[in-house]
Amino acid sequence: MKQALPFKLSKDRSFFESLGDWMGDVLYDELPEKGFECRDEQIFMAYQIEKALKEKNVLFAEAGVGTGKTIAYLLPAISYARYTGKPALIACADETLIEQLVKEAGDIFKLQNYLDIKIDVRLAKSRSQYLCLKRLEEAQKDSDNDFFIEEIEDGVPDFVYGSSSLQSIFPFGERSQFSGVSDVDWQKVNFHPTQQCTVCDLRNRCGQTIHRQHYRESSDLIICSHDFLMEHLWTKDSRVREGQLPFLPEVSMIVLDEGHLLEFAAQKALTYEVQSETLIRLLERVMVDGVREKTLNLMEVLQDTHEKIFSVLRIGSFAEETERMKINKSSELMQLCKHAIKITDDLLEEFVFESELFTIPEYELRMVEEFLEQYSFSLRLFTEKGDGVEWLEIIDGYETLIIMPRLVTDILNEKLFSTKLPIIFSSATLSIEKDFTYLADSLGIEKFQSFSVPSPFDYDEVMKVRTHHISQEEKVSEVDHLLKAKQQTLILFKSKAAMDKFRSSTSTDDIAYEGDRELSTIVKEFQNGEFSTLCSYHLWEGLDLPKEALTRVIIYDLPFPPVDPLFDAKRSFSNNPFEEVELPFMLLRLQQGIGRLIRTSEDYGEIHLLLNEEEAPLEGRFVGILPTPISN
């Protein structure tokens with residue numbers, strides 16, 4: 001239902017003129033009366049967004065930490081949504097940041113209370129963030145899963161398996177609902193792309209389906225991740241052709257919070273994955289009594305060929321500093337892949353005959369057919385000479401072949417930036433010293449508005465930046481020494497591998513690590529002081545812990561991009577890889593990491609940069625982005 005605007009329209013004033021008047025009243029008078037600071041940078045940002053809405057442009061809105069970016073875009077976004085009758089979409093960098101945005105005492109919560117308006121805000125999370133009832137049934141058969149299965153079973157409402165009326169159905173099954181379940185265990189029961197929702201007998205009781213219907217009805221705001229927005233854009237046309245609704249409804253505008261990370265989400269959404277065990281497992285499910293001998297033989301040959309492919313991949317792949325292993329595309333590997341494509345195509349033809357015999361259950365057959373079609377398509381991309389990037393990675397405990405496009409600029413321009421939809425990039429770090437070229441070029445954006453305003457904080461008074469020139473081997477003992485002074489400390493690592501290496505070497509207890517449990521739950525416990533140190537490789541952006549909840553940030557390594565196939569491809573297409581790829585990436589990420597410390601005018605603390613022999617000479621390249629001079 002379309003809601004009333006938070007201000008009145010008159011015949012002699014346009015919507016945008018009335019919006020400007022209302023925002024001025026709110027930012028200059030109403031919020032300051034409730035204890036908010038009146039910040040010129042925030043007011044400037046709000047009016048620049050209003051201009052972008054009016055002109056339907058792309059806007060790079062770079063505003064320093066403490067500007068109040070969220071309120072600056074919420075005020076025009078909510079108003080524009082109600083004016084157009086379509087919700088505004090806010091896309092965050094990941095699922096953890098979604099939780100931060102809607103948490104109690106967050107900016108949305110404050111606006112509702114202080115302005116006395118009801119904001120209809122609903123979350124649209126990636127499919128992997130929802131429980132799959134079919135996969136839960138499979139996991140329940142495995143006795144080794146008893147411990148974490150009990151927690152998940154307790155969170156499944158009675159109506160799922162009972163005969164409750166439709167009126168009693170409500171959204172359930174989000175990842176954040178199961179705080180004690182580790183990431184590894186969650187991967188056993190969450191939605192997996194091989195599942196066939198359209199023919200699932202539990203579809204109408206599925207948490208993902210119920211959530212999707214719920215957020216479609218939002219009148220003000222829908223909040224999702226960059227990953228889910230990209231998945232929506234890439235699948236929208238095909239879903240419509242198949243008679244399905246797109247993942248997201250039509251929206252009035254898009255805010256890309258932490259928008260500098262959009263490129264990685266776009267590449268991920270276009271990625272094809274071939275997992276070592278999935279094909280074997282799926283084919284075994286359809287090897288039932290009554291299947292014709294020719295079909296069975298083809299399935300067995302395909303399984304054998306598939307196992308040989310991964311045997312060759314395993315032998316010819318190697319990793320350096322990340323989980324992404326480079327692949328040796330040998331002639332033997334190419335021949336095996338082409339053979340697998342031929343067998344897959346033959347098998348799909350045989351499944352046409354099997355479907356007429358009704359020997360294989362429809363759900364199982366549809367699931368295998370769709371998987372084989374993608375399997376064949378993925379191997380064709382892998383064997384053809386194109387502009388792609390491939391690597392081997394361990395995902396959910398299984399070796400997985402990844403095929404990803406190197407550049408997504410053309411597709412992004414077609415699907416997103418040429419739609420005349422107002423799009424707002426919001427972040428403290430969108431430029432390199434006020435130059436937005438790096439981000440615009442990486443996303444294929446040719447026409448945009450931009451501005452950059454500084455943080456209102458006096459960093460010289462509240463922040464100390466210290467550098468430690470030590471060897472790489474000494475970094476663990478240096479951190480152990482720093483942690484003896486008990487402070488609420490965030491340690492940021494450039495990769496999971498770097499964090500795991502530290503974990504195996506440190507002698508300090510009272511540390512929580514990303515991945516042990518659901519991340520937003522760990523962050524809440526850290527904020528409550530249940531442990532003093534949090535180690536993470538994802539929380540370079542978006543983490544918002546005020547006052548004593550966080551008083552020290554340790555940057556373990558300068559966050560240069562990893563030596564992996566994706567960034568190697570970027571380097572290979574650059575005239576000066578260090579200046580055009582390595583340094584801009586590091587500087588943007590470093591600014592984000594440092595920005596975790598000071599979030600309000602009452603915050604204070606220290607930044608510690610651990611620099612080895614290779615990193616120390618680069619100090620002169622990053623001192624210009626530091627909020628305050630180094631004080632050693």
Taking all non-hydrogen atoms of both residues, which atom of [X] and which atom of [Y] are closest, and how far apart?
{"X": "Q488", "Y": "A549", "result": "CB-O, 3.2 Å"}
{"X": "C206", "Y": "F172", "result": "C-CE2, 4.0 Å"}
{"X": "M299", "Y": "F351", "result": "SD-CZ, 4.1 Å"}
{"X": "L490", "Y": "F526", "result": "N-CZ, 4.4 Å"}
{"X": "I108", "Y": "I119", "result": "O-CD1, 4.0 Å"}
{"X": "F247", "Y": "H232", "result": "N-ND1, 3.7 Å"}

Evaluate the ring planes of [X] and [Y], with Trp represented by its six-membered ring, and classify them as parallel (under 30°), tilted (30 to 60°) or perpendicular (over 60°).
{"X": "Y215", "Y": "F228", "answer": "perpendicular"}
{"X": "F493", "Y": "Y556", "answer": "tilted"}
{"X": "Y375", "Y": "F371", "answer": "parallel"}

Counting N and O atoms only, with roles assigned by atom type, does the side chain of [X] sit under 3.5 Å from a partner on the main chain of [Y], one being a donor and the other an acceptor?
{"X": "W234", "Y": "A266", "value": "yes"}
{"X": "T400", "Y": "Y398", "value": "yes"}
{"X": "S238", "Y": "T235", "value": "yes"}
{"X": "R596", "Y": "Q592", "value": "yes"}
{"X": "T489", "Y": "V553", "value": "no"}
{"X": "W186", "Y": "L131", "value": "no"}
{"X": "E514", "Y": "H538", "value": "yes"}
{"X": "T209", "Y": "R205", "value": "no"}
{"X": "H214", "Y": "P171", "value": "no"}
{"X": "S376", "Y": "L372", "value": "no"}

When you look at CG of D509, are more than 12 heavy atoms from neighbouring residues, nucleotides or ligands closer to it than 6.0 Å?
no
Is it the case that more than 12 heavy atoms not belonging to Q177 sit under 6.0 Å from its CD atom?
yes
Side-chain donor-acceptor contact under 3.5 Å, [X] with [Y]:
{"X": "E258", "Y": "S427", "result": "yes"}
{"X": "K524", "Y": "Q527", "result": "no"}
{"X": "T429", "Y": "E541", "result": "no"}
{"X": "S126", "Y": "S225", "result": "yes"}
{"X": "Q374", "Y": "E370", "result": "no"}
{"X": "T295", "Y": "E354", "result": "yes"}

Min side-chain heavy-atom separation [X]-[Y] under 4.5 Å:
{"X": "F170", "Y": "F159", "value": "yes"}
{"X": "H192", "Y": "Q187", "value": "no"}
{"X": "E273", "Y": "L401", "value": "no"}
{"X": "Q129", "Y": "N190", "value": "no"}
{"X": "V189", "Y": "L133", "value": "no"}
{"X": "M287", "Y": "Q303", "value": "yes"}
{"X": "D557", "Y": "K475", "value": "yes"}
{"X": "Y537", "Y": "M499", "value": "yes"}

How many angstroms lie between atom [atom1] of [X] and atom [atom2] of [Y], to the nearest 0.5 angstrom?
{"X": "I223", "Y": "L229", "atom1": "CD1", "atom2": "CG", "result": "13.5 Å"}
{"X": "S218", "Y": "L248", "atom1": "OG", "atom2": "CG", "result": "11.0 Å"}
{"X": "E369", "Y": "L347", "atom1": "CD", "atom2": "CG", "result": "9.0 Å"}
{"X": "R285", "Y": "E364", "atom1": "CZ", "atom2": "CD", "result": "4.0 Å"}

E307 vs I280, side chain to side chain contact (heavy atoms under 4.5 Å, CB included): CA-CA, chis, key distance, verdict:
CA-CA 8 Å; E307 289 180 334; I280 306 296; 3.8 Å; yes
Please evaluate residues D183 and R175 with respect to the criterion salt bridge (charged side-chain N to carboxylate O under 4.0 Å, His left out), reporting the C-alpha separation (whole Å), side-chain torsions for both, the decisive distance (0.1 Å), and the verdict.
CA-CA 9 Å; D183 287 352; R175 171 70 177 101; 3.0 Å; yes
The test is side chain to side chain contact (heavy atoms under 4.5 Å, CB included); show your working for L392 and I402 and say whether it passes.
CA-CA 6 Å; L392 192 68; I402 310 290; over 6 Å; no
Whether [Y] and [X] form a salt bridge (side-chain N of Lys/Arg under 4.0 Å from carboxylate O of Asp/Glu) is what I want to check.
{"X": "D201", "Y": "K134", "answer": "yes"}
{"X": "K188", "Y": "E138", "answer": "no"}
{"X": "D120", "Y": "R122", "answer": "yes"}
{"X": "D603", "Y": "K547", "answer": "no"}
{"X": "R517", "Y": "E525", "answer": "yes"}

What residues, two or more places apart in sequence or in another chain, satisfy ring-ring contact (aromatic ring centres under 6.0 Å, His included) together with F109?
none
Start with the C-alpha distance between F148 and F178, add both sets of side-chain angles, then the distance that settles ring-ring contact (aromatic ring centres under 6.0 Å, His included), and finish with yes or no.
CA-CA 9 Å; F148 84 90; F178 308 105; 9.8 Å; no
Kindly indicate whether a cation-pi arrangement holds for R503 with Y513, taking the cut-offs as under 6.0 Å to the six-membered ring centre and within 45° of the axis.
yes
Where do Y272 and F377 land on the ring-ring contact (aromatic ring centres under 6.0 Å, His included) test, with the steps shown first?
CA-CA 9 Å; Y272 296 90; F377 181 77; 5.1 Å; yes
Testing I522, T521, D516 one by one against E518 for a side chain to side chain contact (heavy atoms under 4.5 Å, CB included), which residue passes?
T521
So, using side chain to side chain donor-acceptor pair (under 3.5 Å) as the criterion, who are the partners of E231 when residues are at least two apart?
R127
May I have the step-by-step check of side chain to side chain contact (heavy atoms under 4.5 Å, CB included) for I90 and L221, ending in yes or no?
CA-CA 7 Å; I90 300 174; L221 303 174; 4.1 Å; yes
Can you pull the salt bridge (charged side-chain N to carboxylate O under 4.0 Å, His left out) pairs that have at least one residue in residues 477-488, sequence neighbours excluded?
K486-D510
Go through the steps to decide whether T359 and V288 satisfy the test side chain to side chain contact (heavy atoms under 4.5 Å, CB included), and finish with yes or no.
CA-CA 8 Å; T359 304; V288 297; 4.0 Å; yes
